[in-house]
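These values consider heavy atoms only, across backbone and side chains, with no hydrogens, waters or symmetry-generated copies.
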Amino acid sequence: MGLQALFFYLFAFVAIASAFMVIWARNPVHSVLFLILTFFNAAGLFLLTGAEFLAMILLVVYVGAVAVLFLFVVMMLDIDFTKLRSTALEYAPVGALIGLILAAELIVVIGGSVISPEIGKSIANPIPDLATRTNTAALGDQLYTTYVYFFQIAGLVLLVAMIGAIVLTLRHRTNIKRQDIATQVARTPETAVEVVKVKPGQGL
């Protein structure tokens, strides 16, 4: 067994075990920590396959942003997890259906590669040799040429989701002073300065 195969089985075993602990742990904080461990091992698997860009994106985006956000939300919000667990069985049929769909997709993908090993040669855009083109450059070639419109549509969808979240959570309070840039720029010396004539011996 080579060193690469050894690290593959190590990363795969820890990733599967930590993913199982995500749903098995009773403490939600522990579940998020196990999720972060799963992401780290998945990034290790990406590195073994030569997809270093995807590995770094997984660490920066999912571990550095999403998983840490989950951790802060779970720690800061006062959520009654006992009540949530008591109502979890109501969503068991939907979860089982989604699990069956995902299992069927995995069976189709794995079964297709086993039944027809030559299916990998019919890929329209195969992965180039790492000696001639790096993984990051090859991914950029596909994103910004073949799939540039889908890339732009995905960015537009994320922008609309961000604006929708801001609009839904924004609350204007009437007793708070807010800066009005247009009013400040439109001020003139006549409206901005008031000259008060004070007689001798009198105050303002």
Side-chain angles (χ1 to χ4, degrees), residues 1-114 120 127 135-136 139 142-143 147 150-151 153-166 168-169:
M1 181 184 295
L3 187 62
Q4 185 174 1
L6 178 64
F7 275 104
F8 171 78
Y9 287 112
L10 177 63
F11 287 140
F13 175 77
V14 177
I16 294 174
S18 55
F20 178 77
M21 290 303 299
V22 170
I23 60 176
W24 188 259
R26 294 183 177 273
N27 192 333
V29 177
H30 295 167
S31 296
V32 177
L33 294 177
F34 279 119
L35 181 63
I36 294 174
L37 181 60
T38 306
F39 287 150
F40 270 106
N41 287 275
L45 293 175
F46 277 129
L47 284 177
L48 290 178
T49 57
E52 69 280 352
F53 179 77
L54 295 179
M56 293 301 105
I57 287 296
L58 188 64
L59 293 180
V60 172
V61 176
Y62 284 92
V63 176
V66 178
V68 175
L69 178 63
F70 286 168
L71 183 61
F72 277 106
V73 168
V74 169
M75 294 176 65
M76 293 177 64
L77 296 181
D78 187 13
I79 303 175
D80 189 0
F81 292 100
T82 304
K83 183 179 179 180
L84 290 178
R85 292 192 188 96
S86 62
T87 58
L89 293 178
E90 298 178 3
Y91 304 98
V94 179
L97 178 61
I98 295 175
L100 289 175
I101 294 174
L102 292 177
E105 291 177 353
L106 291 175
I107 292 173
V108 170
V109 172
I110 297 174
S113 61
V114 172
I127 300 175
N135 177 261
T136 306
L139 185 61
Q142 295 299 320
L143 279 179
Y147 303 103
F150 298 101
F151 184 76
I153 291 173
L156 182 62
V157 170
L158 293 176
L159 177 63
V160 172
M162 181 180 66
I163 295 175
I166 294 174
L168 291 175
T169 57

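A heavy-atom distance below 4.5 Å is found between the side chains of Phe8 and Leu45. Residues Leu139 and Leu54 have side chains in contact (heavy-atom distance under 4.5 Å, counting atoms from C-beta outward). Proximity of Val94 to Ile98: side-chain heavy atoms (C-beta onward) are separated by under 4.5 Å at one or more points.
Using bins of under 30°, 30° to 60° and over 60° for the plane-to-plane angle, the ring pair Trp24/Phe20 lands in the parallel bin.
The minimum heavy-atom distance linking Ser31 with Met21 is given by the pair OG-O, 4.4 Å. Scanning both residues, Leu58 and Ala43, for their nearest heavy atoms gives CD2-N, 3.4 Å. Nearest heavy-atom pair across Val22 and Leu35 is CG2-N, 3.5 Å.
For the atom pair OH (Tyr62) and CD1 (Ile57), the distance works out to 10.0 Å, reported to the nearest 0.5 Å. Separation of atoms CD1 (Ile163) and CG (Leu158) is listed at 11.5 Å; rounding is to 0.5 Å. One distance of note links CG of Leu10 with CG of Asn41; it measures 7.0 Å at 0.5 Å rounding. Taken from CG in Leu102 to CG in Leu97, the straight-line distance is 9.5 Å, to the nearest 0.5 Å. Atom CZ of Phe40 and atom CG of Leu59 lie 5.5 Å apart (nearest 0.5 Å). One finds the CZ atom of Phe11 at 9.5 Å from the CG atom of Leu6 (value rounded to the nearest 0.5 Å).
A donor-acceptor distance shorter than 3.5 angstrom exists from the side chain of Gln4 to the backbone of Leu48, with no hydrogens or angles considered.
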